[in-house]
Amino acid sequence: MADASRPTPDVPLVAAEDLGVVFQGSQGQITALDTLSLNIRKGEFVSVVGPSGCGKSTLIRVFSGLLAPTRGRALLKGEPITRPRGDVGIVFQQANLLPWKTVLDNVLVPSRALGRDIGPAREKALELLRLVGLEKFRDNYPSELSGGMQQRVGIARGLAHDPDLLLMDEPFSALDTMTRDHMSIELQRIWMATHKTALFITHSITEAVFLSDRIVVMSARPGRIVKEVSIDLPRPRTVETLADPRFAAYCAELRALFEELVHFD
Ligand SMILES: Nc1ncnc2c1ncn2[C@@H]1O[C@H](COP(=O)(O)OP(=O)(O)O)[C@@H](O)[C@H]1O
Ligand SMILES: [Mg+2]
């Protein structure tokens, strides 16, 4: 018998079909995305890299159901995404924790907003706090945590309602370099433990190569996909991966591509 919880192999979990977004700015129309098509398989970790202003956050907003595209469709499990949904989780650039709520209550915010049963949601939240290494801080307030710890709470919150798709918009860009490297390793561990499908936006080529199964490179505005690079490196990737010549070769390939894009401007 077919397992109904599993999408058929030829239906991608996430898809963008000819997606276009045009904003009405004060100086006229701005085409943020231009006929962008993308498929993401269940369980895949895909990163999007591209110059500033190329429409990366716009793409995340469309997938989160917060912004309707001007043309084309965004699909999750074959259904158009038309509003925020319980099967999508989001991690933002800033952790955006509520300062008057404890760590545990911050993680529970989406579950409460979705009207989930709070008993099981609490269990799940505590399990995630264990996973991100912050179980001991469950009753602390955000101001008592470092930036990296706050962002780990943000990741736990993004996963708390057990979404199928985790969207992350430059989640580590506000952190210092040392913390970022550590967070990449942490995120890979969390992703491997939860088997989520992930769409990750970053400015950092090394971060994208370290984390991804596939990297999508976007051109400057209007945002189009100019290249997709599959990263064939064994997992789990570790600090040793950073010294692997194949890792360096992927980074060099992507950097060269970026140089071309900038000259194109
Ligand atoms: N609400 C909006 N109104 C008008 N222009 C916008 C709006 N949101 C984004 N833009 C413009 O769309 C383009 C893409 O923005 P964004 O998706 O934030 O880029 P990125 O995240 O890649 O830096 C930019 O030129 C930005 O100024
Ligand atoms: Mg952005």
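For this chain, numbers begin at 1 and follow the sequence in order. Atoms within each ligand, like the ligands themselves, are counted from 1 in listed order.
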**OP:** Please answer: with hydrophobic residues joined when any side-chain heavy atoms are less than 4.5 Å apart, are Leu131 and Leu104 in the same cluster?
**Re:** yes
Subject >> Shortest heavy-atom approach to atom 18 (O) of ligand 1 - which of Gly223, Pro51, Gly50, Ser57 >> reply: Ser57
Original post:
Of all the atoms in ligand 1, which lie at a distance below 4.0 Å from a heavy atom belonging to Thr58?
Top reply: 14 (C), 15 (O), 16 (P), 17 (O)
**OP:** Report yes if some N/O of Gly55 lies less than 3.5 Å from some N/O of ligand 1; otherwise report no.
**Re:** yes
Original post:
Short list, please: which atoms of ligand 1 are under 4.0 Å from a heavy atom of Ile30?
Top reply: 5 (N)
Subject >> Short N-O contact, Asp213 and Arg235, less than 4.0 angstrom >> reply: yes
Original post:
Salt bridge between Arg130 and Glu127, side-chain N to carboxylate O under 4.0 Å?
Top reply: no
Original post:
Are more than 12 heavy atoms from other residues, nucleotides or ligands located less than 6.0 Å from atom CG of Asp232?
Top reply: no
Original post:
Any N/O/S atom, backbone or side chain, of Ser52 lying under 2.8 Å from the Mg ion (ligand 2)?
Top reply: no
Subject >> Common cluster, Phe23/Ile60, ILVMFWY with side-chain heavy-atom separation under 4.5 Å >> reply: yes
Original post:
What is the nearest protein non-hydrogen atom to atom 2 (C) of ligand 1, stated with its residue, atom name and distance?
Top reply: Phe23 CD2, 3.5 Å
**OP:** Output yes when Asp34 and Arg71 qualify as a salt bridge under the 4.0 Å nitrogen-oxygen rule, no when they do not.
**Re:** no
Original post:
Does one hydrophobic cluster hold both Met149 and Trp100, with members joined at side-chain heavy-atom distances below 4.5 Å?
Top reply: no
**OP:** Have a look at ligand 1 and work out which part of Met218, if any, has a heavy atom under 4.0 Å from it: side chain, backbone, both or neither.
**Re:** neither
Subject >> Nearest protein heavy atom with distance in Å, relative to atom 25 (O) of ligand 1 >> reply: Arg221 NH1, 2.9 Å
**OP:** Could you tell me whether Cys54 and ligand 1 have an N or O pair separated by under 3.5 Å?
**Re:** yes
Original post:
What residue and atom, counting heavy atoms only, is the protein's closest point to atom 14 (C) of ligand 1, and at what distance?
Top reply: Gly53 O, 3.3 Å
